[in-house]
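What follows is a short report on a single structure.
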Amino acid sequence: MVSWNLESINQSFSDGALGEQSWGTALDGLSESIGAVGAVIVPLRGGIPSMPCATRFAEAIEGYHKGGWDKNDVRFRALPALHRKGYGTDLDILSEDEIGRSPYYQEWLRPNGLKWFAGIHIKGFEEEWVLSLQRTEQQGPFTEREGELLVKMSRNFASTAVLANAIGFARADAALEGFTLSGKAIVMLNRMGEVVRTNPAAECLFDHDLCVRNNRLTSSSRTSATKLDQAIRDACNPLQQSFNKPVLLERHSGRPLVAFVSPAKGVIAKDIIAPCQAYVVLVDPYKREAVSARLLREIFGLTPTEAVIAVRLSRGDSLRDISIATGISYETARTHLRAIFAKVGVSDQSDLVAVFLQLNIGF
């Protein structure tokens, strides 16, 4: 009689999905609990050079990619069975005789001491993933009773995946708010380079020369579009060590923009499962950016009037012009300026503008 500690299994998955442990450690514990020697989380859309896997399975996965088996994985043929009954195994796609003749089994699995697998859906993340569980020949294939438990596991994992996905988007939204606060135009992308978030500043720059089409950020300039696509692919590749230079986006309707493409590692994207994997900062290099009044109030505690004066100073306006535009006397404007100097910690206007410039660069 098969007996698995589903509570312990669920905890292992939760630890990985919510970042309490590395996926490697979490999948080690999960594998051991069900009598397997390893586990890997496989995307159903688009290949990637890095997949979350049990630590003991890492070397085999490296060979999986280097040997090109990721492009010739016969186990993807088990997906119809997985959709139909909730899990799929080798015996859903091949007989034992066919397994004995299959290059996939004999040239990759067998040298790694592997033979049998079972796969279950992980629903609840932004995209579809499959948890693939690995066994040796001696451990034998997964039984029908074990399949029933795998289906229960899959259902239990769903709620954790939904929570992890929500947390991932919350991280992305918090970062987006930070960029928005500083007036930066941001486009956030998933693992496939598809747009998952934009902010109002970015949307103001969209036109027929630069827009989101079929969930992808694209330029009407063929040269710009090619360079932008390559930069996005590099930023979304977890193994890419270097990234393209900023991309110049030519526009027929006006002067060009610059796109800074970066991976969203760290706080925004803790692992490859996170819904946001990269972001694009869109900059108009010909526009003098004024620091956000809201940002100045938040950071330095400026009053609304002081913040308005500070923003206008950052744009290059003179104090006398500011006093006229705001309807306050020049002497009152000077009093506000001294208060701004004290709160920001500078002694003259040039240092003040330099601080504001650094704030914009920092965001």
Without swapping roles, check the side chain of T226 against the backbone of R222 for a donor-acceptor pair under 3.5 Å. yes

Closest approach of D70 to F76 (non-hydrogen atoms, all atoms of both residues): O-CE1, 4.5 Å

Heavy atoms only: give me the nearest F125-A164 pair and the separation to one decimal. CE2-CB, 3.9 Å

For the CD atom of E331 and the CG atom of L337, what is their distance to the nearest 0.5 Å? 11.5 Å

Sub-3.5 Å donor-acceptor pair from the side chain of S14 to the main-chain atoms of N10, do we have one? no

Cut-off 3.5 Å, side chains only: do E203 and N199 have a donor facing an acceptor? no

Do you see a donor-acceptor pair shorter than 3.5 Å between the side chains of T25 and D28? no

Quick check: do I122 and I41 have side-chain heavy atoms less than 4.5 Å from each other? yes

Could you tell me which residues satisfy side-chain contact (heavy atoms from CB on, under 4.5 Å) with L257, sequence neighbours excluded, listed by chain and number? L205, L210, L249, R251, D284

Salt bridge or not between K343 and E306? Use side-chain N to carboxylate O under 4.0 Å. yes

Step-by-step side-chain contact (heavy atoms from CB on, under 4.5 Å) determination, N215 to V195: CA-CA 5 Å; N215 298 323; V195 175; 5.5 Å; no

State the CZ-OG1 distance between R213 and T218, to the nearest 0.5 angstrom. 5.5 Å

Under-4.0 Å salt bridge between E96 and K115: yes

If the plane angle is over 60° it's perpendicular, under 30° parallel, otherwise tilted; pick one for W108 and Y64. tilted

Looking at F117, is its backbone amide N or carbonyl O close enough to the side chain of D90 to form a donor-acceptor pair, meaning the two atoms are under 3.5 Å apart? yes

Would a 4.5 Å heavy-atom cut-off, applied to side chains only, mark F169 and L176 as touching? no

Supply the atom-to-atom distance I340 CD1 to L313 CG, rounded to the nearest 0.5 angstrom. 6.5 Å

Any side-chain to backbone donor/acceptor pair from E146 onto T143? Under 3.5 Å, distance only. yes

Any donor-acceptor N/O pair, D229 side chain to I232 backbone, under 3.5 Å: no

If you look at every heavy atom in Q139 and V37, which pair is closest and at what distance? OE1-CG1, 3.4 Å

Over all atoms of both residues, closest heavy-atom pair of V280 and A259: CG1-CB, 3.8 Å

Go through it in stages, so that I can follow the logic: the residues are I309 and L319, the test is side-chain contact (heavy atoms from CB on, under 4.5 Å), and I'd like the CA-CA distance, side-chain angles, deciding distance and then a yes or no. CA-CA 8 Å; I309 292 173; L319 192 60; 4.3 Å; yes

Check for a donor-acceptor pair, side chain of N214 on one end and backbone N or O of R216 on the other, with a separation under 3.5 Å. no

Evaluate the criterion side-chain contact (heavy atoms from CB on, under 4.5 Å) for residue pair L79 and L44; output intermediate values, then yes/no. CA-CA 9 Å; L79 287 175; L44 292 186; 3.8 Å; yes

Quick check: do L150 and M153 have side-chain heavy atoms less than 4.5 Å from each other? yes

The test is side-chain contact (heavy atoms from CB on, under 4.5 Å); show your working for W116 and L91 and say whether it passes. CA-CA 9 Å; W116 306 107; L91 297 177; 4.0 Å; yes

For residues 30-46, which residue pairs pass the side-chain hydrogen bond (donor to acceptor under 3.5 Å, both in side chains) check, not counting sequence neighbours? R45-E194

Distance-only donor-acceptor check, side chains N72 and Y104, under 3.5 Å: no

Less than 4.0 Å between a side-chain N and a carboxylate O, is that true for E250 and K227? no

State, with a plain yes or no, whether a side-chain heavy atom of F57 is found less than 4.5 Å away from one of M51. no

Would you find a donor on one side and an acceptor on the other, under 3.5 Å apart, between the side chain of E59 and the backbone of R56? no

Would you please indicate yes or no on a ring centroid separation below 6.0 angstrom for H208 and H252? no

I'd like to check F13 versus N156 (side-chain heavy atoms, cut-off strictly below 4.5 Å). Are they in contact? no

Check for me, please, whether L18 and L27 land in the same ILVMFWY cluster - side-chain distances under 4.5 Å, paths through other members count. no

Which residues satisfy the side-chain contact (heavy atoms from CB on, under 4.5 Å) test with P80, sequence neighbours excluded? none

Answer with yes or no after comparing the ring centroid distance for Y279 and F260 against a 6.0 Å cut-off, counting only values under it. no

Atom NZ of K85: over 12 foreign heavy atoms under 6.0 Å: yes

Say whether, by atom type as modelled, one donor and one acceptor occur between the side chain of N112 and the main chain of L114 under 3.5 angstrom. no

Salt-bridge test for E148 and K152: reply yes if a basic N is under 4.0 Å from a carboxylate O, no otherwise. no

Are V42 and M192 connected in the hydrophobic side-chain network, where two residues link if heavy atoms are under 4.5 Å apart? no

Main chain of I273, side chain of R191: is a donor-acceptor contact present, judged purely on distance under 3.5 Å? no

Do V344 and I299 belong together in a cluster built from hydrophobic side chains that touch within less than 4.5 Å? yes

Could you state the interatomic distance from OG (S262) to CG (D234), rounded to the nearest 0.5 Å? 11.5 Å

If you round to the nearest 0.5 Å, how far is CD1 of I34 from CD1 of I9? 6.0 Å

Should W23 and I167 be counted in the same cluster of Ile, Leu, Val, Met, Phe, Trp and Tyr side chains packed under 4.5 Å apart? no

For the hydrophobic clusters of this structure (ILVMFWY residues joined by side-chain heavy atoms under 4.5 Å, transitively), does one cluster hold both V162 and I272? no

Kindly say whether the aromatic ring centers of F157 and W129 come within a distance under 6.0 Å. no

Residue pair P275 / V196, side-chain heavy-atom distance below 4.5 Å: no

Do S154 and K123 come close enough that some side-chain heavy atom pair is under 4.5 Å? no

Is there a donor-acceptor pair under 3.5 Å between the side chain of S12 and the backbone N or O of S8? yes

If you measure from CG on L109 to OG on S102, what distance do you get to the nearest 0.5 Å? 8.0 Å

Nearest heavy-atom approach of P246 to V258 is CB-CG1, 3.7 Å

Work out which heavy atom in V247 is nearest to a heavy atom in L228; give both atom names and the distance. CG1-N, 3.9 Å

Taking 4.0 angstrom as the limit, do R197 and E126 come out as a salt bridge? no

How about F206 and L282: do any of their side-chain heavy atoms sit closer than 4.5 Å? yes

